[in-house]
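Notes follow the structure.
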Amino acid sequence: MIVSDTTPLLHLARSGLLDLLRRLYAQVVVPPSVWEEAVGRGEPRPESHALEEASGKWLAVQALSGRDRTRSEAFRRGAPVGRGEADAIALAEALRTPILMDDRVAIDLARMRGIETRWTTSVVLEAHRREILDRKAAGRAIEDLVASGLWIRQDVLLRILAILGKR
């Protein structure tokens, strides 16, 4: 199981890689605020269909307890993070499970709370390590994530490509 923030869900869905989450983690849990961001409030996003198909199967929306909501509000007062990020961190802490997110400040906050963090690119590298994706498919997946708008620092991208043997 893993808790996810919005950005990884959107980029994996745009890239046709959303199913990697099911194959790697069996269940992905998101707070309602992340779900609303991911499917779009009022105006549905293009990724909504893939996310709604996964919902109720391996993608679950879980409400925060009162205590977790209070913790999330404290995170937002203490750090420049959004509601979805703060809620996801509070949920991951409550469930004692890793979190998937890409925002540097939110990742630092989660790590300070003792939560194991993963980046969107970590999903592809883990899928490659577990032989779900071969080198070529993993390299294509990274390219697709970049094409979907996922920003990856150049030095990080070069390290990922070196790991995958594409350099």
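Note: hydrogens, waters and symmetry copies are ignored here, and every other heavy atom, side chains too, is used.
Listed by chain and number, the residues in a side chain to side chain donor-acceptor pair (under 3.5 Å) with D102 are T120 (sequence neighbours excluded). Remark: R22 engages D19, W58 in a side chain to side chain contact (heavy atoms under 4.5 Å, CB included) (not counting sequence neighbours). Applying the side chain to side chain contact (heavy atoms under 4.5 Å, CB included) test to V61 and every residue at least two apart in sequence or in another chain returns V30, P32, W35. Partners of E47 by side chain to side chain contact (heavy atoms under 4.5 Å, CB included), not counting sequence neighbours, listed by chain and number: L10, A13, R14, R45, L51. Residues passing the side chain to side chain contact (heavy atoms under 4.5 Å, CB included) test with L24 are V123, E126, A127, R130, I132, sequence neighbours excluded.
Side-chain atoms of R153 and L157, non-hydrogen and from C-beta on, never get closer than 4.5 Å to each other. You'll find the side chain of L125 stays beyond 4.5 Å of the side chain of S122, heavy atoms only. A heavy-atom distance below 4.5 Å is found between the side chains of L164 and I142. No side-chain heavy atom of L91 sits less than 4.5 Å from a side-chain heavy atom of I99. Taking 4.5 Å as the limit, some side-chain heavy atom of L145 sits within range of a side-chain heavy atom of V124. In this structure the side chain of T7 never reaches within 4.5 angstrom of the side chain of M101, judged on heavy atoms. Contact annotation: the side chain of L12 approaches that of L21 to within less than 4.5 Å [non-hydrogen atoms, C-beta and beyond].
To the nearest 0.5 Å, atom CD1 of residue I163 and atom CG of residue L161 are 9.5 Å apart. Taking CZ of R76 as the reference point, atom CD1 of I89 lies at 11.0 Å (rounded to 0.5 Å). Separating the CD atom in E73 from the CG atom in D87 is a distance of 8.5 Å, to the nearest 0.5 Å. Taken to the nearest 0.5 Å, the CZ atom of R159 stands 9.5 Å off from the OG1 atom of T121. Atom OH of Y25 sits about 6.5 Å away from atom CG of L100, to the nearest 0.5 Å. To the nearest 0.5 Å, atoms NE2 (H11) and CG (L18) are separated by 13.0 Å.
Not a single donor-acceptor pair under 3.5 Å links the side chain of E36 to the backbone N or O of S33. Between the side chain of S72 and the backbone N or O of D68 there is no donor-acceptor pair closer than 3.5 Å.
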Please report, to 0.1 Å, the donor-acceptor pairs under 3.5 Å made by any side chain of residues 106-116, with sequence neighbours excluded.
residue : atom : partner : partner atom : Å
D108    : OD1  : R104    : NE           : 3.3
D108    : OD1  : R104    : NH2          : 2.8
R111    : NE   : T117    : OG1          : 2.7
R111    : NH2  : T117    : OG1          : 3.0
R113    : NE   : E93     : OE1          : 3.4
R113    : NE   : E93     : OE2          : 3.1
R113    : NH2  : E93     : OE1          : 3.2
R113    : NH2  : E93     : OE2          : 3.0
E116    : OE2  : R118    : NE           : 3.3
E116    : OE2  : R118    : NH2          : 2.5

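Nearest heavy atom pair, residue G84 against residue V34, reads O-CG2, 3.5 Å. Residues L95 and M1 share a closest heavy-atom pair of CD1-SD, 4.1 Å. Closest approach of I2 to P98, counting heavy atoms only: CG1-O, 3.3 Å. Shortest non-hydrogen contact noted between Q27 and A60 is NE2-CB, 3.6 Å. Taking all atoms of both residues into account, the shortest heavy-atom contact from S15 to S148 is OG-CB, 3.5 Å.
In the hydrophobic clustering of this structure, V3 does not group with L59; members are Ile, Leu, Val, Met, Phe, Trp, Tyr whose side-chain heavy atoms approach within less than 4.5 Å, directly or through other members. The hydrophobic clustering, which links ILVMFWY residues whose side-chain heavy atoms are closer than 4.5 Å, places V29 and L20 apart. V105 and V156 end up in different hydrophobic clusters when Ile, Leu, Val, Met, Phe, Trp and Tyr side chains are linked at under 4.5 Å.
At a threshold of 4.0 Å, the pair K136-D134 does not count as salt-bridged, since none of the basic side-chain nitrogens sits closer than that to a carboxylate oxygen.
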